[in-house]
Amino acid sequence: MQTVTLYPHMLHGCDYNPEQWFDRPEILSQDILQMQQANINCVSLGIFAWSVLEPAEGEYCFDRLAEIISTLYANGIRTVLATPSAARPMWMDMKYPEVRRVTADRIRVPLGGRHNHCYTSPVLREKVRAINTLLAKRFAHDPGVILWHVGNEIQGECHCGLCQAAFREWLKARYGTLDALNAAWWTSFWSNTYTDWAQIESPDPAGDTGIQGLALDWKRFCTAQTRSFLENETAPLRAENPLIPVTTNFMQFYDGVNYRALAKSLDVTSWDCYPTWHCTPDGDESGQACLADAFSDICRSMLKKPFLLMENTPSHTNWHAVCRPKTWGFHRLTAISAIAHGADSIQYFQWRQSRGGNEKLHGAVMTHANRTDTRVFQEVSDLGRTLQRLDAVCGARTNARIAILYDPESHWAVNAAKGPRNGDIGDTDLMMRFYLPFWKSGYAVDFVDAETDFSGYHLLCVPMLYMLRNDVAKRICDFVLLGGTAVLTLHSGIADEHDLCFMSDTPAQGLAELAGIRYLESDPLYDGQHETMHIVKAPFPLAESYRLEKLCERVAPAGAEVLGVYGTGNPCMPDDLPCLTRHAFGRGTAYYVGAFAEDRFFADFLPELAERLGVRPVLDTTFPHGVAAAARQGLDGTEYLFIMNWTREQKSVNLPYALKDFESGKIYQSKLPLSPYGAKILVKA
Ligand code: GAL
């Protein structure tokens with residue numbers, strides 16, 4: 001996709017839903033002034049405005065929208081213009097029931113609601129195309145419009161007859177014959193052989209969940225269908241003016257569709273960030289922060305460029321179990337951290353708190369009291385001032401030499417499979433165990449999938465790559481052959497792209513040879529049970545032993561050096577079974593981690609390994625607990641360093657060289673003090 005930046009500044013914006021106040025002109029007239037006071041430079045407009053934009057079929061009323069866009073622009077506020085597809089007008093739901101989604105248990109949803117449309121419905125596609133075409137004609141050359149925000153939080157799946165038919169066509173194109181489909185889905189088991197395409201139905205909770213190829217292909221189909229819906233939306237926008245970039249906002253770790261596939265149809269990725277802040281007894285927010293930053297890194301890695309933080313709350317949500325407001329100063333911390341990990345915007349849901357409806361108690365920049373002297377307003381406004389000074393960071397890249405392979409399709413498959421540990425196999429947990437130590441010690445990390453080019457990375461972490469698709473095994477082997485270092489783990493290389501197990505030693509397709517081991521058996525543990533990894537040959541300083549849990553894999557060495565062995569206290573088990581190995585392969589090295597090791601293992605192992613590969617953290621220091629750092633390379637070559645304190649204690653960071661506070665100009669020679677929940681932006685002094 002083209003890289004276009006129409007507005008080369010950090011965006012500081014909010015969802016703006018003025019249609020709620022059309023009968024209150026005095027409120028609308030205050031908005032602009034108050035936005036200026038809040039240092040807001042853009043709004044996302046029209047996200048849920050379809051019933052205002054097309055109040056009756058074919059009757060379009062864009063004048064009000066045009067007036068708002070132009071008044072905003074005249075006052076220095078740009079528009080991120082939404083297409084309104086996330087919520088349909090009632091007249092459409094009533095006249096064309098096919099636009100309403102059918103749930104997995106085969107119930108068509110009633111009129112209204114949002115995020116509940118059918119992605120296949122030709123009527124809906126036509127209606128979306130029509131309104132988007134007109135929106136584009138009217139606004140795609142408007143100087144105030146800088147970005148298209150397509151739909152909102154695209155999500156879910158529809159099981160209507162149209163979708164079932166489209167699914168069957170998609171399957172015919174994929175497999176050609178029913179014989180090929182039956183073979184790929186292993187349907188001869190349990191007498192599930194399909195003899196007519198019409199027998200194929202999307203997964204149904206009341207039905208059979210044993211055909212895992214069906215479940216996997218359904219998710220692939222939903223991704224393809226969602227993507228084609230998205231492209232149906234973007235085609236008229238791009239046709240009118242290809243220079244306006246297009247995005248849609250993702251939800252953290254939502255796995256109903258493969259976001260990486262959707263990203264291919266976008267110019268810029270974006271996501272909505274709503275962690276469960278302040279849920280710990282001691283105020284240590286690093287757990288939630290690490291998860292949020294991981295998704296920022298995922299979002300940035302999809303197109304390998306900065307992303308937008310399309311939504312977060314300036315204060316609190318109304319949908320967490322307990323909706324705590326961000327405490328004093330915390331909003332700035334979360335925003336700086338998002339920017340540190342590649343965000344080029346901080347945007348809110350929403351500008352003004354709704355008076356009624358579902359989100360009336362959700363936080364907003366302006367609350368019902370309509371005051372600008374609130375703490376939240378002040379913090380938003382202060383952040384806006386900081387962002388105004390960060391133009392040089394806007395567009396700045398992240399230089400990661402470490403990649404974590406987290407493949408959405410493998411994630412689907414490993415979680416749908418029965419065994420060896422049911423409920424949660426823990427692939428995401430294992431991925432986060434890899435990410436955490438890098439996050440804690442300030443290493444930049446990209447996330448890649450089975451389709452990404454691995455060249456340019458020095459260290460490739462491959463946690464639980466259950467499914468091998470798209471030549472990925474060969475490309476991992478080539479990466480190591482050419483001098484890279486890979487860390488493979490348990491429960492990898494088991495199934496092919498159809499989720500059919502390889503009839504060979506595993507990890508299959510050359511990965512066992514790469515790691516110099518061969519899989520023998522899996523030994524899953526109940527919660528509370530554990531085993532131990534004893535280090536027998538430390539490649540660099542490691543503790544004597546580490547705790548293992550969840551799932552232990554027994555392997556036989558086949559060329560690899562054994563670095564760690566299992567110790568279980570089980571007298572029946574041999575005492576030399578490896579759980580950590582190293583194998584030289586070509587010009588590189590492959591490590592194998594056989595079990596869910598405790599965080600301490602990964603903390604001791606991974607940063608040290610990275611260091612030996614010549615990969616440096618953003619700052620050569622040991623960060624105190626709860627402090628994290630990240631860096632971005634400005635377009636002028638300046639490196640911007642961001643240091644965040646996720647605890648409510650004062651912290652101090654030892655500096656290897658003097659740093660200058662980018663905002664205050666203050667120089668720190670050897671120690672950087674960080675106030676509780678403080679965040680600093682620094683450059684070399
Ligand atoms: C998002 C959604 C917004 C708003 C927000 C509330 O998921 O996109 O429209 O509902 O949540 O937190």
Side-chain angles (χ1 to χ4, degrees), residues 11 13-21 40 42-53 79-89 101 112-117 147-156 226 229-230 233 246-257 259 262 266 268-279 288 291-292 295-296 299 307-326 330-331 334-335 338 343 345-368 376 380:
L11 297 181
C14 42
D15 279 20
Y16 184 36
N17 301 304
E19 57 278 1
Q20 298 173 97
W21 312 103
I40 293 289
C42 74
V43 298
S44 303
L45 198 59
I47 298 174
F48 299 112
W50 202 337
S51 62
V52 166
L53 299 174
T79 293
V80 171
L81 189 54
T83 64
S85 57
R88 307 163 311 280
R101 181 169 296 177
R114 66 171 186 175
H115 301 154
N116 58 0
H117 49 278
L147 177 72
W148 289 110
H149 174 306
V150 176
N152 188 65
E153 294 191 340
I154 292 182
Q155 60 189 272
T226 306
F229 188 89
L230 179 68
E233 288 229 28
V246 167
T247 194
T248 189
N249 44 345
F250 296 151
M251 298 173 287
Q252 186 177 15
F253 293 114
Y254 171 72
D255 70 352
V257 293
Y259 277 155
L262 292 198
L266 304 174
V268 57
T269 53
S270 62
W271 78 283
D272 297 349
C273 177
Y274 293 103
T276 313
W277 297 125
H278 307 316
C279 67
Q288 289 293 318
L291 277 167
F295 197 78
S296 285
C299 208
F307 64 92
L308 301 174
L309 195 82
M310 186 58 79
E311 286 183 28
N312 78 124
T313 174
S315 48
H316 56 85
T317 69
N318 69 339
W319 51 264
H320 283 105
V322 176
C323 307
R324 299 204 68 184
K326 288 173 171 169
F330 196 77
H331 177 51
T334 61
S345 80
I346 300 297
Q347 294 160 267
Y348 308 106
F349 178 85
Q350 62 178 328
W351 164 247
R352 186 178 290 283
Q353 202 169 26
S354 305
R355 181 157 188 222
N358 194 50
E359 304 195 293
K360 58 184 178 295
L361 300 184
H362 195 291
V365 181
M366 292 301 296
T367 62
H368 298 139
V376 167
V380 163

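Atoms considered below: every heavy atom in the structure, side chains included; atoms not considered: hydrogens, waters and symmetry mates. Just so you know, ligand 1 is whichever comes first in the structure, and atom 1 is the first atom listed for that ligand.
- Of all heavy-atom pairs spanning Asp15 and Met310, the tightest one is OD1-O, 4.4 Å.
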I'd like to know whether Glu359 forms a side chain to side chain donor-acceptor pair (under 3.5 Å) with Ser354, so could you lay out the CA-CA distance, the side-chain angles of the two residues, the decisive distance to 0.1 Å, and finally the verdict.
CA-CA 6 Å; Glu359 304 195 293; Ser354 305; over 6 Å; no
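- Using a 4.0 Å cut-off between heavy atoms, His362 contacts ligand 1 through its side chain alone, with no backbone atom that close.
- Rounded to the nearest 0.5 Å, atoms CG (Leu308) and CZ (Phe250) are 11.5 Å apart.
- Listed by number with element, the atoms of ligand 1 under 4.0 angstrom from any heavy atom of Trp319 are 6 (C), 12 (O).
- Remark: distances from the non-hydrogen atoms of Arg114 to ligand 1 include one below 4.0 Å.
- No donor-acceptor pair under 3.5 Å is formed between the side chain of Arg355 and the backbone N or O of Trp21.
- Contact annotation: the side chain of Tyr259 never approaches that of Trp271 to less than 4.5 Å [non-hydrogen atoms, C-beta and beyond].
- Taking every heavy atom of Phe48 and a limit of under 4.0 angstrom, the matching atoms of ligand 1 come to 9 (O).
- Heavy-atom proximity to atom 8 (O) of ligand 1, evaluated over His316, His320, Glu311, is greatest for Glu311.
- For ligand 1 and Phe349, the ligand atoms under 4.0 Å from any heavy atom of the residue are 3 (C), 4 (C), 5 (C), 6 (C), 9 (O).
- Inclusion of Asn249 in the set of residues having an N or O under 3.5 Å from an N or O of ligand 1 is not warranted.
- For atom 7 (O) of ligand 1, the nearest non-hydrogen atom from the set Met310, His115, Glu153 belongs to Glu153.
- Looking at Asp272 against ligand 1, only its side chain comes within 4.0 Å, counting heavy atoms.
- With a 4.0 Å cut-off on non-hydrogen atoms, Gln350 does not touch ligand 1 at all.
- Phe330 and Trp277 have perpendicular rings, their planes meeting at more than 60° on a 0 to 90° scale where under 30° would count as parallel.
- Looking only at protein heavy atoms, the nearest one to atom 10 (O) of ligand 1 is Glu359 OE2, 2.5 Å.
- Within the 4.0 Å heavy-atom criterion, the part of Asn152 lying near ligand 1 is the side chain and not the backbone.
- Of all the heavy atoms in Thr83 and Val150, the pair that sits closest is OG1-CA, 3.4 Å.
- Using a 30° and 60° split on the angle between ring planes, Tyr348 and His331 fall in the tilted class, from 30° to 60°.
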